[in-house]
Amino acid sequence: MQVLSVTPEIFPLIKTGGLADVTGALPEALNGLGVRTRSLVPGYPVVMGALKKKKALHQYAVLQGGKAALHAAEIGGLDMLVLDAPHLFDRPGGPYGDATGADWQDNWRRFAALGRVGADIAAGALKDYKPDIVHAHDWQSAMTLAYMRYGEAANVPSVMTVHNLAFQGQFASSIFAGLGLPQQAMALDGIEYYGGVGFLKAGLQAAWAITTVSPTYAQEIRSPAFGMGLDGLINLRAGELHGIVNGIDDDIWNPETDKHLAATYTAKNLKGRKANKRAIEERMTLDRDDGPIYCVVSRLTWQKGIDILASIIDPVVASGARLAILGSGDAGLEGALLAAANRHRGRVGVVIGYDEGLSHLLQGGADGILIPSRFEPCGLTQLYGLRYGCVPIVARTGGLADTVIDANEAAVAAGVATGFQFTPEDAGAFHHAILRANALYADPAGWTSLQRQGMKSDVSWDRSAQKYAALYRMLLSKRDA
């Protein structure tokens, strides 16, 4: 089976969040199940720089305002198709905006081009390749499915995966003339969205199947509280909605071999975690003692509940815990955390930015990881935490609820607990969860048992890949019926 994955990000080349980890790891997991994935990605500078050779498989004299070419490449073991369109993607800054964080004003044009090319490939534009399934990821790839629906690939099964419904790709109706779609597409059952154009909405409308990255999130987005204005459409398509929890690349995230750690370790022998904890104390300028360190590795945003964390730092420190925080995001939240670090020198350490090596060290040496998200489609940091024996303390929402078993009295007694859950958006409940963690941490045998139980969790892509493969086969059967 041949699957074309259309994605704006892919690890290890271009990453702003968990989407890249998924699109980078899922193809390898599917390969063992008889599913070959080719990934279509934009030709950002970092991607073009990784191309050893350039041989155009297909060329466009004009694609959204300029020349473009499609190149085949194998990069990091990934079978890739790269859209080389310098007028759209050869820019400094991030994939969606400039160095200041401001979005590119022509993002609609950039990702409409990506979608157009994805649909062309689905229709057979390449001489020796035509996919059986097209799998689009998030709003930046969603127009692929709209172009397929209104073009020559309407009979090719498609999947739309929502990694975060909050990001929808909404644009003014004035862009419609530049999309090259028939007039009937600008309708309620097409790409029209509250009087404008909705890229994600278009993909949700056109997809043969819709997936989210956890079962609980699939149900949450059917409600107004989580549906972000799309709950009506999602409920109409509930029969095609599937929740498949993400996995992680357990070769990259492996405490037995991780080169970012001061010391490696296994579930049977956790001694190496102590050396990693000492390394965190040194790196984050924390006091050296035997109390717990709780880490945060996150975008510093409202969605991630970082304001809730900031509101309880003083009592958490008073409880004897230390905090090691890595992330970047809203300036106000960055400032609040830095102020807390200044207020509690030696007890709170903050590094603003993203550091892949430090994120591994924090998982390998911190005692727990705090994830107070208001909503979380899946979450990956709690999966890394489980893998590394860094106990997750999480809001009971989305994928966090699906992947962490709360250490209540019954679960601890049964030996199945893997972390702590609390009610989202409740600072008191969050603080109480940390106090529960402190209490179990004071029982070394109980805490070690909790860590080891978490490390037994299957957080790999194996089961999830099987579910994707089964979904693909079901869609092919539907096509052939």
side-chain hydrogen bond (donor to acceptor under 3.5 Å, both in side chains) against [X], all qualifying residues, sequence neighbours excluded:
| X | answer |
| --- | --- |
| S223 | none |
| T397 | E220 |
| Y468 | none |

Charged N to carboxylate O under 4.0 angstrom, [X] versus [Y]?
| X | Y | answer |
| --- | --- | --- |
| R347 | D289 | yes |
| D406 | R396 | no |
| R387 | D458 | no |
| E376 | K304 | yes |

Rounded distance [0.5 Å steps], [atom1] in [X] versus [atom2] in [Y]:
| X | Y | atom1 | atom2 | value |
| --- | --- | --- | --- | --- |
| L230 | N235 | CG | CG | 11.0 Å |
| E334 | T301 | CD | OG1 | 11.0 Å |
| W302 | L333 | CH2 | CG | 12.0 Å |

- Item | Expected output: side-chain T403 to main-chain G399 donor-acceptor under 3.5 Å |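 Yes: the side chain of T403 pairs with the backbone of G399.
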- Taking it one step at a time, do F171 and F199 satisfy ring pair (Phe, Tyr, Trp, His ring centres under 6.0 Å)? CA-CA 8 Å; F171 302 98; F199 277 32; 5.0 Å; yes
With no hydrogens and no angle check, do the side chains of [X] and [Y] hold a donor and an acceptor under 3.5 Å apart?
| X | Y | value |
| --- | --- | --- |
| H344 | D314 | yes |
| S319 | N438 | yes |
| D402 | Y217 | no |
| Q363 | D258 | no |
| Y194 | Q170 | no |
| T37 | S5 | no |
| N276 | R273 | no |

For residues 247-256, which side-chain N or O atoms pair as donor and acceptor with protein atoms under 3.5 Å away, sequence neighbours left out?
| from | atom 1 | to | atom 2 | distance (Å) |
| --- | --- | --- | --- | --- |
| D249 | OD1 | D251 | N | 3.0 |
| D249 | OD1 | I252 | N | 3.3 |
| N254 | OD1 | E256 | N | 3.0 |

- Message: Is it the case that over 12 heavy atoms from other parts of the model lie below 6.0 angstrom from the NE2 atom of H432?
- Response: no
- Message: Are more than 12 heavy atoms, taken from residues, nucleotides or ligands other than D290, located less than 6.0 Å from that residue's CG atom?
- Response: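 No.
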Closest heavy-atom pair and its distance - [X], [Y]:
| X | Y | answer |
| --- | --- | --- |
| F430 | P372 | CE2-CB, 3.6 Å |
| A263 | A275 | CB-CB, 3.8 Å |
| A429 | F422 | O-CB, 3.5 Å |

- Task: Please lay out, stage by stage, how L450 and V412 fare under the test side chain to side chain contact (heavy atoms under 4.5 Å, CB included).
- Result: CA-CA 8 Å; L450 185 68; V412 170; 5.6 Å; no
Contacts under 3.5 angstrom, residues 19-28 side chains, donor-acceptor by atom type, not counting sequence neighbours:
| from | atom 1 | to | atom 2 | distance (Å) |
| --- | --- | --- | --- | --- |
| D21 | OD1 | K15 | NZ | 3.3 |
| D21 | OD2 | K15 | NZ | 3.1 |
| D21 | OD2 | Y384 | OH | 3.4 |
| T23 | OG1 | E9 | O | 2.7 |
| T23 | OG1 | L19 | O | 3.2 |
| T23 | OG1 | A20 | O | 3.4 |

- Message: Can you list everything that forms a salt bridge (Lys or Arg N to Asp or Glu O under 4.0 Å) with D106? Sequence neighbours excluded, please.
- Response: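 Testing D106 for salt bridge (Lys or Arg N to Asp or Glu O under 4.0 Å), a comparison that skips the adjacent residues, returns R91.
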